[in-house]
Amino acid sequence: MYIFKQPNIGGEVTPHQDATFLHTEPLGRILGFWIAVEDANEENGCLWFIPGSHRDGISRRMLRTPPGSIPCTAFIGEERSYNDDQFVPAPVPKGGLVLIHGEVVHKSDLNTSPNSRHAYSFHVMESHKTSWNPENWLQPSQDLPFPSLYT
């Protein structure tokens with residue numbers, strides 16, 4: 001994903017765990033790579049984390065609904081509520097890399113600055129002894145398989 005967080009209007013990303021959307025068995029096999037294309041700070045919407053939250057599991061999942069259904073996805077479970085004082089900011093200079101455990105709770109606030117905050121993000125899954133849930137919204141296909149980083 002290329003993330004465009006434009007000056008003064010770049011939207012917030014509410015608290016979430018990536019494993020809600022990218023579920024594996026066992027849990028803990030998803031890792032996000034978040035690369036700052038520009039400086040990310042509190043004014044332009046840097047990432048915020050709840051330290052240690054990766055140990056609490058997940059409370060909801062996004063699933064693909066049956067073919068022909070509208071909408072194409074649905075959630076099961078309930079998102080936990082979090083207090084703002086639980087979050088710690090993670091400012092990152094341009095070119096910096098943040099590794100995000102799939103179960104850690106994170107968010108980013110609105111960009112209230114006159115500067116943009118662009119980032120590039122992708123996720124990897126440990127495939128050894130791990131299964132990708134067939135109910136996940138994102139599924140590999142014959143035309144678009146998930147690429148392996150190594151064989």
Side-chain angles (χ1 to χ4, degrees), residues 1-5 10-66 69 71-113 116-141 144-151:
M1 289 184 296
Y2 192 88
I3 303 163
F4 297 90
K5 196 167 270 222
E12 81 175 309
V13 176
T14 58
H16 68 281
Q17 298 165 289
D18 294 342
T20 295
F21 308 96
L22 307 171
H23 191 77
T24 61
E25 290 294 335
L27 282 173
R29 300 297 178 96
I30 291 291
L31 182 66
F33 287 68
W34 191 96
I35 302 164
V37 176
E38 299 176 308
D39 290 343
N41 54 54
E42 290 183 51
E43 292 76 34
N44 70 0
C46 70
L47 293 169
W48 292 70
F49 294 90
I50 297 179
S53 60
H54 65 287
R55 293 186 222 114
D56 297 333
I58 61 171
S59 60
R60 84 175 179 157
R61 289 193 40 223
M62 186 172 86
L63 307 175
R64 180 183 276 212
T65 57
S69 300
C72 300
T73 59
F75 285 96
I76 59 169
E78 296 293 324
E79 185 67 66
R80 296 180 181 116
S81 57
Y82 306 102
N83 295 322
D84 280 342
D85 62 356
Q86 294 176 276
F87 288 90
V88 174
V92 180
K94 176 181 179 177
L97 169 66
V98 178
L99 298 176
I100 305 172
H101 187 285
E103 293 170 64
V104 72
V105 178
H106 59 289
K107 68 174 186 166
S108 66
D109 290 334
L110 294 168
N111 182 355
T112 58
S113 81
S116 60
R117 195 276 282 152
H118 292 193
Y120 179 71
S121 179
F122 63 93
H123 294 83
V124 297
M125 176 189 86
E126 170 57 59
S127 60
H128 182 69
K129 296 186 179 180
T130 305
S131 61
W132 183 255
N133 195 293
E135 294 179 320
N136 282 342
W137 70 276
L138 182 63
Q139 292 295 318
S141 68
L144 292 170
F146 292 159
S148 288
L149 294 178
Y150 59 90
T151 55

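Sorted by first and then second residue, the salt bridge (Lys or Arg N to Asp or Glu O under 4.0 Å) pairs involving residues 83-99 (not counting sequence neighbours) are Asp84-Lys107. Residue pairs meeting the side-chain hydrogen bond (donor to acceptor under 3.5 Å, both in side chains) criterion with at least one member in residues 10-20, sequence neighbours excluded: His16-Asp18, His16-His106, Asp18-His106, Asp18-His123. For residues 31-47, every residue pair satisfying the side-chain hydrogen bond (donor to acceptor under 3.5 Å, both in side chains) rule, not counting sequence neighbours, is listed here: Glu38-Ser116. Judged as a salt bridge (Lys or Arg N to Asp or Glu O under 4.0 Å), the pairs with a partner in residues 126-141 (not counting sequence neighbours) are, in order, Arg61-Glu135.
Between Pro89 and Phe49 there is no side-chain heavy-atom pair separated by less than 4.5 Å. For the pair Leu47 and Val92, the minimum side-chain heavy-atom distance is 4.5 Å or more. A 4.5 Å side-chain heavy-atom check between Phe33 and Leu97 finds at least one atom pair inside the cut-off. Side-chain contact between Leu31 and Leu99 is present, with heavy atoms from C-beta onward closer than 4.5 Å. You'll find the side chain of Leu22 reaches within 4.5 Å of the side chain of Trp137, heavy atoms only.
The distance from atom CZ of Phe21 to atom OG1 of Thr73, rounded to the nearest 0.5 Å, is 9.0 Å. In this structure, Arg80 CZ and Ser59 OG are separated by 4.5 Å, a value rounded to the nearest 0.5 Å.
Listed here is the closest heavy atom pair of Thr65 and Ser69: OG1-CB, 3.3 Å. Residues Gly45 and Ser108 approach most closely at O-CB, 3.4 Å, considering heavy atoms. Nearest heavy-atom pair across Cys46 and Ala40 is CB-C, 3.8 Å. Pairing each heavy atom of Tyr120 with each of Val37, the nearest pair is N-CG2, 3.9 Å. The two residues Lys5 and Gly11 make their nearest non-hydrogen contact at NZ-O, 2.8 Å.
Residues forming a side chain to side chain contact (heavy atoms under 4.5 Å, CB included) with Ala19 (at least two apart in sequence, or on another chain): Leu27, Ile58, Glu103. Listed by chain and number, the residues in a side chain to side chain contact (heavy atoms under 4.5 Å, CB included) with Leu144 are Ser141 (sequence neighbours excluded). Applying the side chain to side chain donor-acceptor pair (under 3.5 Å) criterion to Tyr82, with sequence neighbours excluded, gives Glu79. Judged as a side chain to side chain donor-acceptor pair (under 3.5 Å), and not counting sequence neighbours, the contacts of Thr130 are Arg29. In this view, Glu25 and His23, Ser131 satisfy the side chain to side chain contact (heavy atoms under 4.5 Å, CB included) rule, not counting sequence neighbours. Here Asp56 pairs with nothing under the side chain to side chain donor-acceptor pair (under 3.5 Å) rule; sequence neighbours left out. Looking at residues two or more places apart in sequence or on another chain, you find a side chain to side chain donor-acceptor pair (under 3.5 Å) between Ser113 and Asn111. Scanning for side chain to side chain contact (heavy atoms under 4.5 Å, CB included) contacts around Gln139 gives Arg64, Trp132, Asn136, with sequence neighbours left out.
Taking the six-membered ring where the residue is Trp, Tyr2 and His118 present perpendicular rings, their angle passing 60° and hence far from 30°.
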### Task
Let me see the working for Ser121 and Met1 under side-chain contact (heavy atoms from CB on, under 4.5 Å), right down to the final yes or no.
CA-CA 5 Å; Ser121 179; Met1 289 184 296; 4.1 Å; yes
